[in-house]
Asker: 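Below are the structure tokens for one structure; questions will follow.
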Protein chains: 2
Amino acid sequence: MGVIRKTKSVEALLHEFNTSDEAISAKQLIEQLDSKFNKTTIYRVLDKLEEDGVLHSFLGKEGLKWYAKCNGCSASKHKDVHPHFQCLKCGRVDCLPFSMAIPEIPNRKVEVSQVLIQGLCEKCCV
Amino acid sequence: MGVIRKTKSVEALLHEFNTSDEAISAKQLIEQLDSKFNKTTIYRVLDKLEEDGVLHSFLGKEGLKWYAKCNGCSASKHKDVHPHFQCLKCGRVDCLPFSMAIPEIPNRKVEVSQVLIQGLCEKCCV
DNA sequence: AAATATAACGCAACTTAGTTGTAGTAACAA
DNA sequence: TTGTTACTACAACTAAGTTGCGTTATATTT
């Protein structure tokens, strides 16, 4: 399937991701768009956008789900191994612009990988 | 602080981690020891054991919290960069016995890192 | 342009991992 | 054995995310 209809919620969410390169958590989107859309809608649209390969998702600290625009990654072969960076001070998350090599492991089949690096971001480092 | 008193719950939890090298999720421990201990107790003892450097924790898929015995990692300098492997079929999780180099990032301060690799484990690969 | 099919939506109720407050209990030192 | 206080159980809560379903909106067909 995928995103078929161009509805207001789809456009609003895409707009959020187009105005910034940072990752956005589902929680944050729900808070931000609370007056306009129901949280169920937001979760479902995010699911769809991920299925379509428009966004990819990952878990930040405390198990919150984050979404970011897919740049290199296709919907079919979704083997993103670029790390995500979460600032421990301001909470912001972004995708780091390089790949990390995930090693093959004897007798196991690697399918997906997630690297979460935590620390202080540029702004909070000063 | 740390684990001060040798209570039944502390012993029972340590026993679980000593009889296997696999990681165990908080959820699983609560199910397993449900008749013996309250879930609050289990969460609190796990916290303590982690503070003490006896266990380390990380998030698996779906944001569940997993715990595993600390082998190399000291309580003070807790920069584990060994990957964790979660089997997508049977759900089992373990620590992979090698370290991964987490790169330094310009203008950022890396503090902790987490690598979660998902795929098929030895048993489910066949 | 109206009719139709169905994808998408809002709402409310639910699920569940994890947390908090508190009064009672048990570990351990004196 | 007594006193301090760390630890525990219980119940009530929090919050992210999910589910079911009747209604609405999109896009296709006539």
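Since the model is a prediction, treat every value here as computed from it, not as a measurement. The sequence lines fix the lettering, A, B, ..., with proteins before strands; numbering per chain opens at 1.
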Asker: Can a donor-acceptor pair be found, under 3.5 Å and without considering hydrogens, that links the side chain of B:T19 to the backbone of B:H15?
Answerer: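 Checking the backbone N and O of B:H15 against the side chain of B:T19, a donor-acceptor pair under 3.5 Å is found.
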
Asker: Under the rule for side-chain contact (heavy atoms from CB on, under 4.5 Å), what residues qualify as partners of A:L59, not counting sequence neighbours?
Answerer: A:K65, A:Q114

Asker: If hydrophobic residues (ILVMFWY) are linked whenever their side-chain heavy atoms come closer than 4.5 Å, directly or via other members, who joins B:F58 in its cluster?
Answerer: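 Members other than B:F58 - counting any ILVMFWY side chain reachable under 4.5 Å - are B:L64, B:W66, B:V93.
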
Asker: Rounded to whole angstroms, how far apart are CG on B:L64 and P on D:dA15?
Answerer: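 That distance rounds to 20 Å.
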
Asker: Report the distance from atom CZ of A:R44 to atom C1' of D:dA16, rounded to the nearest whole Å.
Answerer: 15 Å

Asker: With a 4.0 Å limit, can you tell me whether A:Y43 has a side-chain N or O closer than that to the phosphate oxygens OP1/OP2 of D:dG17?
Answerer: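 Answer is yes, contact under 4.0 Å.
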
Asker: Residues two or more places apart in sequence or in another chain: which of them pass salt bridge (Lys or Arg N to Asp or Glu O under 4.0 Å) with A:R92?
Answerer: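 Only A:E22 meet the salt bridge (Lys or Arg N to Asp or Glu O under 4.0 Å) criterion with A:R92.
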
Asker: Note down the inter-axis angle between the two ends of the helix from C:dA1-D:dT30 to C:dA30-D:dT1, five pairs each, to the nearest 10°.
Answerer: 30°

Asker: Please enumerate all residues that pass salt bridge (Lys or Arg N to Asp or Glu O under 4.0 Å) together with B:D47, with sequence neighbours excluded.
Answerer: none

Asker: Checking B:D34 now: which residues fulfil salt bridge (Lys or Arg N to Asp or Glu O under 4.0 Å) with it, not counting sequence neighbours?
Answerer: none

Asker: Considering heavy-atom distances to DNA chain D, does A:K65 or B:I42 have its closest nucleotide positioned more toward the 5' end?
Answerer: B:I42

Asker: For DNA chain C, find the residues of residues 26-40 of chain B with a heavy-atom distance under 4.0 Å and give them by number; none if there aren't any.
Answerer: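 Correct list: B:A26, B:K27, B:K39, B:T40.
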
Asker: Checking A:P103 now: which residues fulfil side-chain contact (heavy atoms from CB on, under 4.5 Å) with it, not counting sequence neighbours?
Answerer: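 With neighbours one apart ignored, the set is B:F98, B:M100.
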
Asker: Tell me, which pairs form a salt bridge (charged side-chain N to carboxylate O under 4.0 Å, His left out) where one or both residues lie in residues 54-63 of chain A, sequence neighbours left out?
Answerer: none

Asker: Report, one pair per line, the protein and nucleotides 1-5 of chain D atoms (nitrogen or oxygen only) whose separation is under 3.5 Å.
Answerer:
unit_1, atom_1, unit_2, atom_2, d
D:dT5, O2, B:R5, NH2, 3.3

Asker: Which whole-number value in Å describes the distance from A:E11 CD to C:dC9 C1'?
Answerer: 15 Å

Asker: What residue pairs, at least two apart or across chains, pass side chain to side chain donor-acceptor pair (under 3.5 Å) with a residue in residues 100-110 of chain A?
Answerer: A:R108-B:D94, A:R108-B:E122, A:K109-A:E111

Asker: Remaining members of A:L116's ILVMFWY cluster at a side-chain heavy-atom cut-off under 4.5 Å?
Answerer: none

Asker: If the cut-off is 4.0 Å, is A:T7 near the phosphate of D:dT26, judged by side-chain N/O to OP1 or OP2?
Answerer: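 Answer is no, no contact under 4.0 Å.
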
